[in-house]
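Every chain is numbered from 1, with letters handed out A, B, ... down the list of sequences.
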There are 2 protein chains.
Amino acid sequence: MRTELWYSERYEEHGAALSLKVTGVLHREQSPYQEIEIFETEHFGTLMTLDGLVMLTDRDNFLYHEMMSHPALFSHPKPARVLIIGGGDCGTLREVLRHPEVERVDQVELDERVTRVAERFFPELCAKNDDPRAHFFFEDGIAWVGRAEAGSYDVIIVDSTDPVGPAAGLFSEEFYSACLRALGEPGILVAQTESPLLHAPLIRQCQERMGAAGFDAVNSLYFPQFCYPSGWWSATLGRRGLALDSFRRKDAEAMTGLRYYHADLHAAAQVPPAFLLPSA
Amino acid sequence: MRTELWYSERYEEHGAALSLKVTGVLHREQSPYQEIEIFETEHFGTLMTLDGLVMLTDRDNFLYHEMMSHPALFSHPKPARVLIIGGGDCGTLREVLRHPEVERVDQVELDERVTRVAERFFPELCAKNDDPRAHFFFEDGIAWVGRAEAGSYDVIIVDSTDPVGPAAGLFSEEFYSACLRALGEPGILVAQTESPLLHAPLIRQCQERMGAAGFDAVNSLYFPQFCYPSGWWSATLGRRGLALDSFRRKDAEAMTGLRYYHADLHAAAQVPPAFLLPSA
């Protein structure tokens, strides 16, 4: 009998762990920023970890990537100019490029190696990387937004890692203020904001910080995401010059090829659990 | 340094596992039906397992118990007579008893020891077990429904374990037909139907079987549930003499004390992922 290999990610602060059965180690490298590892799993396809934490698997990344992109883009009347901060695996970029209204996407990822490794091991996610609308910059996202011309983006997507280390600044009011300045009006910001079950105070904090930064309407999206802690995830939306219910329903209904998001899920995903209602 | 203890549940068919850090073993017994174990965890409170599989934890059971009860009860115009099949931990029963319209609940659990152990280790869930409306029967639920008088229940809740062993029959068209017969008109059946991510074919099968059994309107609920495989769970609703959108909104808005379910979530939880749309 062959020895079983299991990858495990411990959620130390929560006394919990997720494990996936591994059939092969495909790649390991230390980039200037982090340890990038690629495993072949038995039932979840290819797995990428950064510093030992799950970033994505073939099987369930569609949930996160669809929810980081389509709700924001269909909430904007004309999302022509899009900025993605992070997103090095290019899964969010692929979803953004499905939108014909998008004229240009700037993807600003700190670690070029994440993108190069994704191109090799997640070719489906990177299939549209040569789309002429896509522009890649490998540098610090916070500095990029700080230097961006005022009003130069319609949508900003913060597809970041957890709020520790280099990504911590991406959860600050200061950063949200810089995003507001870089957005046109109407404009919309969407940022991943961790697990409702494990990080509810962080979600409220991000909502409050976007409000304090001057966004007109703020709420969050809630969706399943097995391979992230607790299997339940959130993204928080800040809207400039847009109402909470702004939505291009006809365009959402016309989009094909998605596996989780669809027009009827647009509003449903914005309904919080009772414990995260504004009144709770 | 003290040795760490971890409880792990392997989802063998999916090459995945969930682990919780354990600080104490509180109870272990072999009942006539299964191994019942109670652990104290570091961050999820008390944990109950049956034959090694997670049944519930203090921290996240509210998700499952609220969703197995309130959507069905608020979909029925007058849920006076309720039957719970399984549900030995009494968490669903507690939620059902929040409804003043409920006049009688029959809870039919195969294994009395599960309920006795829950009374000892999950006193919050069992706090209402002495409510005079609650009636406990420790016997086979399939036989019970087969013998039930036609039209004798308004709501039937199937709060079962996985579709293997004694619970397999609870996922059959034959059982759903027996439930339909035992329900009045209007009447509603709700059954737990596993993970959308891991068991989508089973969910479709349960929907089809309820339809084939003669229910007028069938759909499913989708909700997060960390401690069950994939962290994403479903329940399937079969309605007799009720439309899909039947809902006592005012009563749902008036209910207090819930942590997940609320009036605005009622319809939102019934929106399927794109891959489970009827058209997909």
Next item on the list: Pick one of side chain, backbone, both or neither for B:Leu258, based on which atoms fall under 4.5 Å of a heavy atom in chain A.
Entry: backbone
Check: When only heavy atoms count and the cut-off is under 4.5 Å, which of residues 41-58 of chain B reach chain A?
Finding: B:Glu42, B:His43, B:Phe44
Checklist line | Segment of B:Tyr261 engaging chain A (4.5 angstrom heavy-atom cut-off) | finding: backbone
Next item on the list: Count the heavy-atom pairs under 4.5 Å between each of A:Asp60, A:Asp264, A:Leu277 and chain B, then report the option with the highest count.
Entry: A:Leu277
Notebook entry, point to check: Is the count of non-hydrogen atoms from other residues, nucleotides or ligands lying under 6.0 Å from A:Glu13 atom CD greater than 12?
Noted result: no
Note to self: Quick check on B:Glu124: does its CD atom have over 12 non-hydrogen neighbours (other residues, nucleotides or ligands) under 6.0 Å away?
What the structure shows: no
Margin query: What I'd like to find out is whether the side chain of B:Phe226 reaches to under 4.5 Å of the side chain of A:Leu198, using heavy atoms alone.
Written below: no
Notebook entry, point to check: Using non-hydrogen atoms only, which part of B:Phe62 is less than 4.5 Å away from chain A: side chain, backbone, both, or neither?
Noted result: side chain
Item checked: Engaged part of A:Glu66 at the chain B interface, taking heavy atoms whose separation is under 4.5 Å -> neither
Next item on the list: With B:Tyr260 as reference, evaluate A:Tyr222, A:Phe275, A:Trp232 under the ring-ring contact (aromatic ring centres under 6.0 Å, His included) test and give the passing residue.
Entry: A:Trp232
Checklist line | Closest contact, heavy atoms only, A:Trp6 versus B:Ala16 | finding: CZ3-C, 3.6 Å
Notebook entry, point to check: CZ/B:Arg59 to NE2/A:His14 distance, rounded to the nearest 0.5 angstrom?
Noted result: 6.0 Å
Note to self: For B:Glu4, is the CD atom crowded, meaning more than 12 foreign heavy atoms sit under 6.0 Å from it?
What the structure shows: yes
Notebook entry, point to check: If you tally heavy-atom pairs under 4.5 Å against chain B, which of A:Ala269, A:Ala267, A:Ala268, A:Ala280 wins?
Noted result: A:Ala268
Note to self: I'd like to verify something: which residue of B:Ser195, B:Ala274, B:Pro273, B:Pro272 has the highest number of heavy-atom pairs under 4.5 Å with chain A?
What the structure shows: B:Ala274
Note to self: Out of A:Ser230, A:Pro229, A:Pro196, A:Gly231, return the one with the most heavy atom pairs under 4.5 angstrom to chain B.
What the structure shows: A:Ser230
